[in-house]
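Residue numbering restarts at 1 for every chain, and letters A, B, ... go by the order of the sequence lines.
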2 protein chains.
Amino acid sequence: MRISELSERSGLPVQTIKFYIREGLLPRGVASAATRAEYDQTHLDRLRLIRALREVGNLPVAAIRRIVEAVEDPAVGLHDLFGTAQYALRPRVQAPEDDPDWGAARRDVDALIAELGWQVTERAPARDLLTQTFVALRRLDFTVTPDDLRPYVEAAVALAEHETGGLAEDASRARAVRGMLATVLYEQVLIALHRLAQEDASARHFGPS
Amino acid sequence: MRISELSERSGLPVQTIKFYIREGLLPRGVASAATRAEYDQTHLDRLRLIRALREVGNLPVAAIRRIVEAVEDPAVGLHDLFGTAQYALRPRVQAPEDDPDWGAARRDVDALIAELGWQVTERAPARDLLTQTFVALRRLDFTVTPDDLRPYVEAAVALAEHETGGLAEDASRARAVRGMLATVLYEQVLIALHRLAQEDASARHFGPS
DNA sequence: AACGATTGGATAGTACTACTATCCAAAGGG
DNA sequence: CCCTTTGGATAGTAGTACTATCCAATCGTT
């Protein structure tokens with residue numbers, strides 16, 4: 001198919017498709033002449049992947065490029081594939097240098113992870129994300145005790161085990177890619193359901209006005 | 001204190017503080033002369049609130065304005081206060097008009113919420129967020145069964161109950177404000193812990209390279 | 001009283017991201 | 001043969017959150 005048909009079938013403007021090609025998210029079509037190139041189902045599938053990661057996963061274009069490069073590189077192992085996707089997730093947090101509050105919170109985060117025995121790299125962005133939240137909570141005079149965290153840890157462990165468990169056997173590359181996708185998309189499911197459950201709980205406890 | 005001291009103590013540039021005043025996030029200082037105004041602890045507290053909502057909660061400035069207006073308006077009830085914060089959360093999803101996939105997914109979302117018996121308004125943004133995710137999952141050939149959702153629903157219910165339960169008695173306004181804050185900030189705790197637990201599970205199942 | 005620094009207030013500019021519009025020459029098709 | 005489409009390049013736009021500059025009126029100090 002030509003680019004106009006790809007545009008129709010994907011629902012994306014031709015200009016956007018050209019933009020994705022320029023940015024390295026989508027391979028060029030097979031050129032049949034100087035001004036003619038052929039696209040196929042793989043391009044359509046890729047566009048669906050891009051849109052899911054962009055719209056639902058809220059990933060920046062640069063991160064999606066890194067992900068599709070990792071997917072296409074057979075030398076990248078399954079665990080690294082997960083890591084590439086996970087480390088690309090937003091929000092990205094910039095750790096300040098020379099902030100004593102940050103340093104203290106970061107030590108608490110590292111201690112928590114060590115105590116739980118989790119295998120997480122030192123440079124995992126989620127460490128910074130949690131650190132940032134601890135800092136903000138303390139600045140607002142919330143104390144964060146292990147007891148406060150326990151329900152969240154339990155939920156996180158249960159869900160992560162559930163998500164990864166299904167992929168444990170027969171960890172083919174194709175499955176790994178789908179698992180990575182599920183990781184990104186089901187995080188949004190969790191967020192949405194959590195918000196809905198909160199609204200319900202708030203309605204029951206405080207009553208609608 | 002003058003604005004320069006407020007700037008020092010909050011760690012924010014004077015220009016940013018002026019910007020927040022212009023945008024209605026921070027009240028003006030008490031003018032003692034044409035070119036002199038006095039700021040106090042309440043301004044510092046407000047700045048901490050603003051930074052927590054902006055950096056950690058990732059809320060847009062316009063949403064923070066709506067929130068602080070609701071906090072300061074005694075006519076706004078506790079449940080509405082929660083709602084104002086929750087409905088301001090990102091990501092905001094724009095429902096397309098005339099998309100059959102969207103319509104079908106939206107009906108599933110509504111049915112799910114009805115079946116769970118949750119009290120959630122028709123216009124809750126989280127409905128659209130969940131709908132969008134369902135659409136993307138299906139376009140990528142993931143089927144989403146009630147069984148797939150159960151672990152997420154269970155986790156969401158447990159956490160929401162835990163979060164709201166602590167506030168049920170003595171629901172003073174000050175507590176409601178803090179509860180609203182906790183809602184926003186603990187969502188990030190959940191996200192961060194979930195990602196960390198996923199990395200750990202991935203490391204254990206697929207091994208680090 | 002003089003004077004350099006600070007302040008409040010207004011206006012304009014910047015950085016980043018993700019597109020979106022325009023242009024052009026070279027095919028392709030009826 | 002000519003009108004449309006295409007690939008490819010370049011430039012422009014929209015939204016968000018700041019950030020920089022300017023100006024005149026003080027303030028504190030001398």
Side-chain angles (χ1 to χ4, degrees), chain A residues 1-40 43 47 49-68 88-94 96, chain B residues 1-40 43 47 49-68 88-94 96:
Chain A
M1 70 184 94
R2 283 157 293 158
I3 200 171
S4 58
E5 190 181 345
L6 188 61
S7 165
E8 260 179 61
R9 293 227 253 161
S10 66
L12 293 171
V14 169
Q15 285 312 320
T16 302
I17 295 174
K18 287 182 172 185
F19 169 71
Y20 289 154
I21 293 173
R22 272 203 309 284
E23 293 294 314
L25 274 58
L26 184 70
R28 297 200 119 80
V30 178
S32 59
T35 66
R36 189 100 350 167
E38 191 68 13
Y39 299 86
D40 59 21
H43 293 90
L47 283 176
L49 172 64
I50 293 169
R51 291 315 291 175
L53 293 176
R54 267 290 303 128
E55 287 182 3
V56 184
N58 189 33
L59 295 191
V61 164
I64 298 177
R65 178 175 50 236
R66 286 196 296 275
I67 289 176
V68 300
L89 292 175
R90 281 170 168 173
R92 293 207 75 85
V93 172
Q94 187 64 30
Chain B
M1 70 184 92
R2 281 157 293 158
I3 200 171
S4 60
E5 190 181 346
L6 188 62
S7 165
E8 259 178 62
R9 293 227 253 161
S10 66
L12 293 171
V14 169
Q15 284 314 319
T16 302
I17 295 174
K18 287 182 172 186
F19 168 71
Y20 289 153
I21 294 173
R22 272 201 310 284
E23 293 294 313
L25 274 57
L26 183 70
R28 299 201 118 81
V30 178
S32 60
T35 65
R36 189 99 353 165
E38 191 67 14
Y39 299 86
D40 58 22
H43 293 90
L47 283 176
L49 172 65
I50 292 169
R51 292 314 292 176
L53 294 176
R54 268 288 305 126
E55 288 183 3
V56 183
N58 189 34
L59 295 191
V61 164
I64 298 177
R65 178 174 49 236
R66 286 197 297 276
I67 289 177
V68 301
L89 293 175
R90 281 170 168 171
R92 294 207 74 84
V93 172
Q94 188 64 30

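- Nearest heavy atoms, A:Val68 versus A:Leu25: CG2-O, 4.1 Å.
- At whole-Å resolution of the value, CD1 in B:Ile3 and P in C:dG9 are 9 Å apart.
- Atom OH in B:Tyr39 sits roughly 16 Å away from atom P in C:dT6 (whole-Å rounding).
- Distance CE (B:Met1) to C1' (C:dT6): 17 Å, rounded to an integer number of Å.
- The separation between A:Glu5 atom CD and D:dT4 atom P is 21 Å, rounded to whole Å.
- When every heavy atom of A:Ala88 is checked against every heavy atom of A:Ala63, the shortest pair comes out as CB-CB, 3.5 Å.
- Considering only heavy atoms from C-beta on, B:His43 stays 4.5 Å or farther from B:Tyr20 through its side chain.
- Looking at heavy atoms from C-beta onward, A:Ile67 lies in side-chain contact with A:Leu59 at the 4.5 angstrom threshold.
- Between the side chain of A:Arg22 and the base of C:dT20, at least one donor-acceptor pair of N or O atoms lies under 3.5 Å.
- Spacing between atom CD of A:Glu38 and atom P of D:dT5 amounts to 17 Å, rounded to whole angstrom units.
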Provide a list of protein-nucleic acid N or O atom pairs under 3.5 angstrom, restricted to nucleotides 14-18 of chain C.
{"unit_1": "C:dA18", "atom_1": "OP1", "unit_2": "A:Val61", "atom_2": "N", "d": "3.3"}
{"unit_1": "C:dA18", "atom_1": "OP1", "unit_2": "A:Arg90", "atom_2": "NH2", "d": "3.4"}
{"unit_1": "C:dA18", "atom_1": "OP2", "unit_2": "A:Val61", "atom_2": "N", "d": "3.3"}

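- Protein atom CD of B:Glu23 is 15 Å distant from nucleotide atom P of D:dG15, rounded to whole Å.
- The environment of CZ in B:Arg65 is crowded: more than 12 heavy-atom neighbours from other residues, nucleotides or ligands sit within 6.0 Å.
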message = Under the criterion side chain to side chain contact (heavy atoms under 4.5 Å, CB included), I'd like the reasoning laid out for A:Leu47 against A:Arg9: C-alpha separation, chi angles, the key distance, then a yes or no.
response = CA-CA 10 Å; A:Leu47 283 176; A:Arg9 293 227 253 161; over 6 Å; no
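- For A:Arg2, the CZ atom is loosely surrounded, since the number of other residues' heavy atoms within 6.0 Å does not exceed 12.
- In this structure, the CG atom of A:Leu25 is 13 Å from the C1' atom of C:dC19, given to the nearest Å.
- At whole-Å resolution of the value, CD in B:Gln94 and C1' in D:dG15 are 14 Å apart.
- Inter-residue side-chain proximity for B:Lys18 and B:Ile3 is flagged as met; some heavy-atom pair is nearer than 4.5 Å.
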Contact letters for nucleotides 23-30 of chain C, in which S counts primed atoms plus P, OP1 and OP2 and B counts the base, heavy atoms under 4.0 Å = ---BSS--
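- The residue A:Arg28 sits close only to the backbone: its heavy atoms come under 4.0 Å of sugar-phosphate atoms, none of a base.
- Taking CZ of B:Arg22 as the start and CD of B:Gln15 as the end, the distance is 7.5 Å to the nearest 0.5 Å.
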